[in-house]
Trainee: 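Mind looking over this structure? Questions follow.
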Amino acid sequence: MDMSPYRDLFVSESRLHIAAFGELILRFEDSPGESAVIDELFRHAHSLKGMAATMGFEQIVAIAHGMEDLLSKVRSKEAMLLPDLADLLLEGSDTLARLASGVEAGTDTGEDTTELVERLALSASLSASLSASSSASSSASSSAAATGTQTQYPGTALNTGANIPPEPSVSSSHQFRQADSFKSIRIKTETLDHLVNITGELITNRYRLTEAVRLTDAAESQEALHQLSTLLRNLRDEVFKARMLPFAFIAERFPRLVRDLARKQGKEIVFQLSGKEIELDRGILEDIAEPIVHILRNAVDHGMESPDERVLAGKPRSGTITLTVRRDKDHVEISIDDGGRGMDPERLKRQGVEKGLISREQSAEMTPQEAYQLICLPGFSTAETVTDISGRGVGMDAVRETVQSLAGVLTIQSQRGHGSRFVMRLPITVSIIPALIVQSGPIEIAFPLNTVSRTVELESSAITCESGRPTAIPGETSLPIRSLRQALNLPAAPNSETALQPVIVCDIGQMLAFSVDRIVSQQEIFIRPLRSPLSHLRGVSGATLTGDGRVLFVADAGALA
Amino acid sequence: MSRTVMIVDDSLFMRKILRGILAEQGYTVTAEAASGLEAMKNLHANHPDIIFLDIILPDSNGLDLLAEITTVCPDSKVVVCSSIGQPLVIQKNA
């Protein structure tokens with residue numbers, strides 16, 4: 001039988017098992033005796049083994065079998081819970097993940113897994129001996145392990161039959177849980193991306209059609225057009241819904257990441273994650289994973305104190321890093337609290353001056369809030385923040401850039417001695433967003449509405465433009481107002497006769513204000529990313545097509561300031 | 001009359017493979033179940049002639065399910081499928 005048609009399905013289903021397995025091991029580590037967790041672990045290892053055996057992937061079979069056997073003995077209490085058991089199981093699941101990737105790529109990873117399989121088998125037999133005779137010291141056992149002595153371990157339950165292990169699923173009565181696997185199907189993500197693109201184009205086209213109908217005054221088309229608009233809205237909502245995934249989709253690796261980093265640094269950290277059921281567009285999830293990894297890494301590396309330092313500060317030895325996902329209307333807030341030492345705004349300012357990023361005068365006027373934002377300036381983070389997890393250097397500047405490219409906002413709060421808090425406020429869907437279209441000189445540009453906090457009209461004479469000096473804005477604190485013309489390198493307006501000039505106030509973690517010539521309209525736009533060489537344009541984060549077929553750039557307020 | 005066949009397995013991959021093997025032998029799978037609950041629903045509704053049963057399911061123990069099947073559909077032929085290697089489970093239910 002030709003098995004190749006089943007390979008993709010094998011890989012995707014294996015990944016589900018491996019991911020679930022990794023998460024369960026961490027839960028297992030938290031509460032080692034919990035039989036429900038062990039049952040689940042067993043089930044995943046077992047399913048994977050069966051699938052791999054069907055496909056003839058012997059390496060995967062051997063590892064999965066080793067893990068399954070070990071778990072089966074832990075469950076039946078033949079095997080003791082050794083402290084490094086979780087490490088061994090994690091190593092197993094990591095190896096399985098690599099092998100699955102090899103299967104996907106159609107290449108042999110060339111990895112020698114016999115040693116791992118032996119250790120799994122040894123661990124199962126060793127721990128069995130330990131639990132069987134409590135007098136056996138671990139050093140004796142490990143020396144047996146090291147020399148590979150064939151020892152007959154007496155009293156294992158399999159031999160005596162005295163201790164019958166429970167069956168794979170412990171419930172003897174039918175405790176059925178809802179399984180909805182038939183109500184869902186798998187779709188290639190490309191297909192979903194196409195659907196969004198087509199929907200976006202349809203919406204743009206609808207604007208053009210509306211325009212055309214208005215010009216010809218074809219009254220009988222109105223009703224159909226109205227219906228088309230309603231249907232398109234429904235289509236858009238459904239397409240977006242199809243792209244939504246729970247935060248859990250990317251969250252699986254975070255507990256492990258924090259655990260491994262904390263261990264490496266000798267820090268004691270409890271990681272709490274809440275809101276992982278909250279759904280976001282998969283594109284956003286994909287892009288936001290790396291920034292979260294970076295912030296978590298910073299939290300462990302820099303935010304969290306060492307146990308001794310914590311005790312000196314009158315805190316418990318062990319600290320808590322909290323990752324909270326929260327839905328707020330059409331936004332999702334992802335916040336990371338480290339409860340650690342917090343940042344010192346004065347120190348950040350000094351560093352900013354030393355690195356030549358801000359002037360001494362600027363630093364003197366900075367609020368602590370603004371000082372925290374300094375860490376997001378390119379060139380502020382140093383080599384120490386290059387992650388060895390991702391293998392790439394991702395600084396806080398890249399984090400802020402990613403958040404902004406998703407039309408989101410990053411805010412940083414900190415309190416010395418009490419920790420830092422990074423909040424990423426993101427739209428739940430991307431691509432099609434409401435925007436404010438403004439005009440400066442010959443150029444129209446779109447500001448994503450979620451970055452605009454308000455618009456005001458000020459008397460031109462009241463605006464102290466270009467000096468960087470703040471202007472009083474009614475209802476706001478005073479802000480420097482920048483001319484959008486200047487930001488876009490356009491010639492200054494011919495001596496403005498109009499008494500009132502529109503000003504848009506943006507809130508992107510910091511408050512910014514731009515004076516513009518005219519506010520044109522507010523409409524839904526479908527953002528398309530810019531490709532090279534346009535992707536290097538400063539001040540714009542994408543482009544959109546208007547109803548009448550023109551291309552509009554989407555403003556990146558942070559870069560225009 | 002052609003026989004009705006149900007596959008009970010939580011793995012979509014395994015169901016597809018088994019469906020493929022059965023198709024090669026000229027059998028058409030008439031129902032699939034990914035859980036004990038789905039299996040029971042189908043069992044009561046359709047009384048399948050042949051059942052391929054995985055013994056490790058997310059919501060129930062396939063062996064308990066087997067007992068239930070023999071009560072509800074005593075005439076159904078059940079093929080128990082599993083890659084389980086732990087001998088006691090096999091012995092106990094032999």
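Every chain is numbered from 1, with letters handed out A, B, ... down the list of sequences.
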Trainee: Any heavy-atom pair between the side chains of B:D10 and A:R43 that's under 4.5 Å?
Mentor: yes
Trainee: About how many Å separate CG of A:L16 and OG of B:S11, when rounded to the nearest 0.5 Å?
Mentor: 10.0 Å
Trainee: With rounding to the nearest 0.5 angstrom, report the CE to OG1 distance, B:M14 to A:T54.
Mentor: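 So the CE of B:M14 and the OG1 of A:T54 are separated by 3.5 Å.
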Trainee: Once you round to the nearest 0.5 Å, how far does CE of A:M51 lie from CG of B:D9?
Mentor: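 Separation between the atoms: 9.5 Å.
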Trainee: Give the minimum heavy-atom separation between A:E13 and B:L12, together with the two atoms involved.
Mentor: OE1-N, 3.2 Å
Trainee: Can you name the nearest heavy-atom pair linking B:F13 to A:Y6, along with the distance?
Mentor: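 In terms of heavy atoms, the two residues are closest at CE1-O, 3.5 Å.
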